[in-house]
Amino acid sequence: MDNTNIFYHAPKELTTDAFWIWLLYFIDSDDNYEYAKQLIFNSLILKDCDKGRRVTNISVNRQQKCSHGRIDFIFHFTFTDDNSTHSVLFEDKTWSNTSTEQLTGYKEDYPCLYRYCYYKLGYTNIQELKIVTGCGYDIITAKMMSDCLARFKDLHILIKYYYDYIKETFTDYIDSFESELFIKNNFDLLWEAQAQLFLADKLWYALPKTIRNNCYIQNGTSSGRPWTEIVLIDDEHITSDYQESIFWRIDIRSGKFYIRLNQYSWYVDDENNTIWKKKQARLSSLREVGDYILKTYPIHLKKGKPTDRGCFEQEIVIFFLEENNWDSIFKDIPVFTQLFINIYKSQTEY
C-alpha cells in the first residue's frame, strides 16, 4: 500500500463518483487523450453496435434527485459522426448490494437512456448479478475497470493512483479467494462477507439446475458477524397455520465455520404452544430425513452435532468446514440437497 495514494484514504462511493466524473472530463479535454477516451468508451460504455465510433462533448450531472433517492451521476456525450446526443446513468457500489426497487425506480424516473451502468468494486455475487441484469443494467466490475486503466495508467498520476488502488484493494483481493479458501484452507477469510458470498456462489453453481432455478442467496450480519444463506424452500405451507423455510447457512460456531441446513418458521403461538409443538415435531422429522440420507447414500461428509437452541430458526444438519474436505463438500452437498428436497416435497415415509 502506497500511503501517498489519496484513494486509500478516501474509500467511499463519493470518491468513486468523483474519479469517474473527473476521468470523463479529463479524457474529453484534449485530443491527445483520444486513445484513452476510445478505450474507456469501447471497453466499458458503448453498445457493441457502436464500438469504434468517436464521442465528444461529455458533460455530467451528479447526485441527480429522483423519487427513489439520488442517482450517483448521469453523463451525456455526442457521437461525432451524426451529432446525436445520448445519456448514461451510473450507479456505483463499493461493498454493499443494490435492490430491484432502487434500480427500477431510477429507470422509471429516467427512462429510455442510452445505457444504465452498475459499477461494482467489491465481489458481485450471483443474486446481485441477477438483480442488476434483470433490471436492464450493464455491470462494470473492478477487474473490467482495472484492465482498461492499465493500458493508459501513466497518462496522469490520478489514473495511476486509482488503478493501483482498485487492483490491490478489489481485483487482487477477490482473485485470492479461490486459492486462500480451497488450497490454503484459510477459513478465517470467511469472516469477510465477500468471501462468504463467493463460497455460496460456488455451492449454488454445484447444485442441480432444477434446484438453482428455484433458490436464491441472501446475506446479512448478526452482532457484526456476517452470515450467508442459500434459500432452498421459502415459506412452504405445511398446514393452514404453519409454514417454514429451508436453507443452507454459512456461519461460525465456537470458532469454526460451517454450512448448516436450517429450518425457519416465524409464528405467533397460543397459550398451549400448539405451533411450537408442531414445529418441534416437524424438526425431529426433518433431522430423521437428514440422518437417513447420510446413512443410506454414499455421502462422505462428517456431520457435526446440531444444537437445539433457537426459537424460529433451528438446525437440521451441520457440517463444519475444517472437518470436511472441499471435494466432498462440492460433490456431496448437492447430492444431499437433491435427496432432501425430493423427500421433503414428496411428504411420504422413507
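Positions are given from 1 along the sequence.
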Quick note, salt bridge (Lys or Arg N to Asp or Glu O under 4.0 Å) partners involving residues 197-224, not counting sequence neighbours, are E178-K202

So F19 and M145, do their side chains get closer than 4.5 Å, heavy atoms only? yes

Residues N262 and E315: closest non-hydrogen pair is OD1-CA, 3.9 Å

If you draw a 6.0 Å radius around CD1 in I157, do more than 12 non-hydrogen atoms from other residues or ligands fall strictly inside? yes

Would you call D17 and R62 a salt bridge, using N to O less than 4.0 angstrom?
no

Check your understanding: Should we say atom CG of N83 is surrounded by more than 12 heavy atoms from elsewhere, each under 6.0 Å from it?
Key -> no

With sequence neighbours left out, the residues meeting side chain to side chain donor-acceptor pair (under 3.5 Å) with D30 are N32

Check your understanding: With side chains defined as the heavy atoms from C-beta onward, is the minimum distance between I211 and T337 less than 4.5 Å?
Key -> yes

**Prompt:** Are any non-hydrogen side-chain atoms of I45 and V55 less than 4.5 angstrom apart?
**Reply:** no

Residue pairs meeting salt bridge (Lys or Arg N to Asp or Glu O under 4.0 Å), one or both in residues 323-336, sequence neighbours left out, come to K256-E323

Tell me whether F336 shares a hydrophobic cluster with L283, the cluster being built from Ile, Leu, Val, Met, Phe, Trp, Tyr side chains joined at under 4.5 Å. yes

Inset, instruction - Is it possible for you to say whether F198 and I329 belong to one hydrophobic cluster, with membership spreading through side-chain heavy-atom contacts below 4.5 Å? - result: yes

The reported gap from CD1 in I21 to CZ in F73 (rounded to nearest 0.5 angstrom) is 5.5 Å

Next item on the list: Answer yes if the side chains of S176 and E180 hold a donor-acceptor pair under 3.5 Å, and no otherwise.
Entry: no

Spell out, as yes or no, whether a donor-acceptor pair under 3.5 Å connects the side chain of H300 to the backbone of N324.
-> no

Check: Please walk me through it: do K120 and E128 pass salt bridge (Lys or Arg N to Asp or Glu O under 4.0 Å)?
Finding: CA-CA 10 Å; K120 179 65 179 287; E128 185 178 11; 2.8 Å; yes

| Any donor-acceptor N/O pair, K107 side chain to C135 backbone, under 3.5 Å | yes

Closest heavy-atom pair, I58 versus D28, reported as atoms and distance to 0.1 Å, is N-OD2, 2.9 Å

Between L46 and G52 the two heavy atoms that sit nearest each other are CD1-N, 4.5 Å

Value for CH2 (W204) from OG1 (T228), rounded to nearest 0.5 Å, stands at 15.5 Å

N-O pairing of R54 and E34 below 4.0 Å: yes

- Query: Does R115 reach the main-chain N or O of V88 with its side chain, forming a donor-acceptor pair under 3.5 Å?
  - Reply: no

Residues 293-306 vs salt bridge (Lys or Arg N to Asp or Glu O under 4.0 Å), sequence neighbours excluded, gives D291-K303

Point to revise | Backbone N/O of N42 and side chain of R53: donor-acceptor pair under 3.5 Å | key: no

Query raised in the report: Any chance the side chains of T85 and T78 put a donor and an acceptor closer than 3.5 Å?
Result: yes

Those residues at least two apart in sequence (or on a different chain) that pass side chain to side chain donor-acceptor pair (under 3.5 Å) with D48 are K51

Those residues at least two apart in sequence (or on a different chain) that pass ring pair (Phe, Tyr, Trp, His ring centres under 6.0 Å) with F257 are W191

field: D109 side chain reached by I71 side chain, heavy atoms, under 4.5 Å
entry: no

Shortest non-hydrogen pair, L44 vs I140, comes out as O-CD1, 3.6 Å

* Under 6.0 Å from the CZ atom of R151, do we count more than 12 heavy atoms belonging to anything else shown? -> no

Ring center gap for Y106 and Y118 short of 6.0 angstrom
no

So does L197 get a backbone contact from the side chain of N125, meaning a donor-acceptor N/O pair under 3.5 Å?
no

To the nearest 0.5 Å, atom OG of S29 lies from atom NZ of K37 at 9.0 Å

**Message:** In the structure I gave you, are the side-chain heavy atoms of I230 and F247 within less than 4.5 Å of one another anywhere?
**Reply:** no

query = Q127 side chain to Y216 main-chain N or O, any donor-acceptor pair under 3.5 Å?
reply = no

Applying side chain to side chain donor-acceptor pair (under 3.5 Å) to W326 and not counting sequence neighbours gives N185

Across all chains, not counting sequence neighbours, the ring pair (Phe, Tyr, Trp, His ring centres under 6.0 Å) partners of Y137 are Y116

Under a single-linkage definition using a 4.5 Å side-chain heavy-atom cutoff for Ile, Leu, Val, Met, Phe, Trp and Tyr, are I252 and I318 assigned to the same hydrophobic cluster?
no

Notebook entry, point to check: Sub-3.5 Å donor-acceptor pair from the side chain of S284 to the main-chain atoms of Q280, do we have one?
Noted result: no

Given the rule that I, L, V, M, F, W and Y join up when any side-chain heavy atoms are under 4.5 Å apart, are I316 and W227 in one cluster? no

Sorted by chain and number, sequence neighbours left out, side chain to side chain donor-acceptor pair (under 3.5 Å) with N213 holds for none

*If only atom types and distance count, is the side chain of E244 paired as donor or acceptor with the main-chain N or O of S265 below 3.5 Å?*
no

For D31, I'd like to know if atom CG has over 12 heavy atoms of other residues, nucleotides or ligands within 6.0 Å.
no

Salt-bridge test for R260 and D251: reply yes if a basic N is under 4.0 Å from a carboxylate O, no otherwise. no

Same apolar cluster: F330 and L301, side chain cutoff 4.5 Å
yes

Inset, instruction - Would you mind reporting whether L203 and W248 have side-chain heavy atoms less than 4.5 Å apart? - result: no

| query | Okay, side chain of Q196, backbone of L190: is any donor-acceptor separation there less than 3.5 Å? | reply | yes

Is there a donor-acceptor contact under 3.5 Å from the side chain of S43 to the main chain of C148? no

Any side-chain heavy atom of L286 sitting closer than 4.5 Å to one from L261? no

query = Is the closest side-chain donor-acceptor distance between N61 and H76 under 3.5 Å?
reply = yes

Sorted by chain and residue number, the ring pair (Phe, Tyr, Trp, His ring centres under 6.0 Å) partners of H156 (sequence neighbours excluded) come out as W22, F26

When rounded to the nearest 0.5 Å, the distance separating CG of D72 from CZ of R70 is 11.0 Å

Salt bridge present between D138 and K47 (N-O < 4.0 angstrom): no

Distance-only criterion, 3.5 Å: show the donor-acceptor pairs between side-chain atoms of residues 163-170 and protein atoms not counting sequence neighbours.
residue : atom : partner : partner atom : Å
D164    : OD1  : K160    : NZ           : 3.4
D164    : OD2  : K160    : NZ           : 2.7
K167    : NZ   : D172    : OD1          : 3.1
K167    : NZ   : D172    : OD2          : 3.2
E168    : OE1  : Y8      : OH           : 2.8
T169    : OG1  : Y165    : O            : 2.9

Residues passing the ring pair (Phe, Tyr, Trp, His ring centres under 6.0 Å) test with F77, sequence neighbours excluded, are F41, F79, H86, Y114

Could you walk me through whether I217 and E229 satisfy the side chain to side chain contact (heavy atoms under 4.5 Å, CB included) test, starting with their C-alpha distance in whole Å, then the side-chain angles of each, then the deciding distance to 0.1 Å, before giving a yes or no? CA-CA 6 Å; I217 296 171; E229 295 170 349; over 6 Å; no

Query raised in the report: Under a 4.5 Å cut-off applied to non-hydrogen side-chain atoms, are Y162 and L149 in contact?
Result: yes

